[in-house]
Amino acid sequence: MEMTWELESLYPSFGSEKYRENRMRASALAQDLKEWAAQHLQEGGRSRVEALRTLETFLTRYDAYRSIYLCLFSYAELRFSIFWRPAGTLPSRKPQSSWALRWIRPPSGGRR
């Protein structure tokens with residue numbers, strides 16, 4: 001059974017305009033989320049209703065970031081997976097470049 005990924009419908013390539021736009025958008029959304037969280041996710045002095053509204057706003061902003069991040073991350077993961085590579089070739093255990101990993105980390109150093 002041959003297993004390959006058809007990735008062109010997600011992004012034509014790492015150099016495609018769509019990929020670059022989404023990468024810039026994810027970066028901007030991550031920075032916006034970080035700044036918003038620093039300003040609004042402070043402890044104390046809020047009623048339960050205010051705290052729930054703040055949390056809801058944060059999750060809405062996070063979902064906007066996450067939807068783009070997941071597309072970018074999935075594309076990169078699948079492009080470098082063993083199934084995408086031509087038969088008989090294996091991906092290197094050590095990435096040749098970590099440029100993709102530098103900007104796809106979740107905001108505030110959180111876990112994936």
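Taking both residues in full, the closest heavy atoms of Ser13 and Ser16 are given as O-OG, 2.9 Å, listed atom of the first, atom of the second, then distance. Between Cys71 and Leu10, the shortest heavy-atom contact is O-CD2, 3.8 Å.
Residues Thr57 and His40 have side chains not in contact (no heavy-atom distance under 4.5 Å, counting atoms from C-beta outward). Looking at heavy atoms from C-beta onward, Phe14 lies out of side-chain contact with Leu72 at the 4.5 angstrom threshold. Looking at Tyr69 and Leu29, their side chains never come closer than 4.5 Å, going by heavy atoms from C-beta outward.
The backbone N or O of Ala64 sits less than 3.5 Å from a side-chain atom of Ser67, completing a donor-acceptor pair.
In this structure, Ile68 CD1 and Asp63 CG are separated by 11.5 Å, a value rounded to the nearest 0.5 Å. Rounded to the nearest 0.5 Å, atoms NZ (Lys34) and CD (Gln31) are 5.5 Å apart. Atoms CG and CZ, from Leu7 and Arg79 in turn, are 6.5 Å apart once rounded to the nearest 0.5 Å. If you take CG on Leu55 and CD on Glu50, they are separated by 13.5 Å, rounding to the nearest 0.5 Å.
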Inset, instruction - Could you please spell out the steps behind the side chain to side chain contact (heavy atoms under 4.5 Å, CB included) verdict for Arg48 and Leu52? - result: CA-CA 6 Å; Arg48 182 179 172 96; Leu52 290 173; 4.3 Å; yes
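A centroid separation of 6.0 Å or more is found between the aromatic rings of Tyr11 and Phe73.
Between Tyr62 and Tyr65, the ring planes lie tilted relative to each other; the angle falls in the 30° to 60° range. Ring pair Tyr75/Tyr19 is tilted by interplanar angle, where 30° to 60° counts as tilted.
Taking a cutoff of 4.0 Å between a charged side-chain nitrogen and a carboxylate oxygen, Glu17 and Arg20 qualify as a salt bridge.
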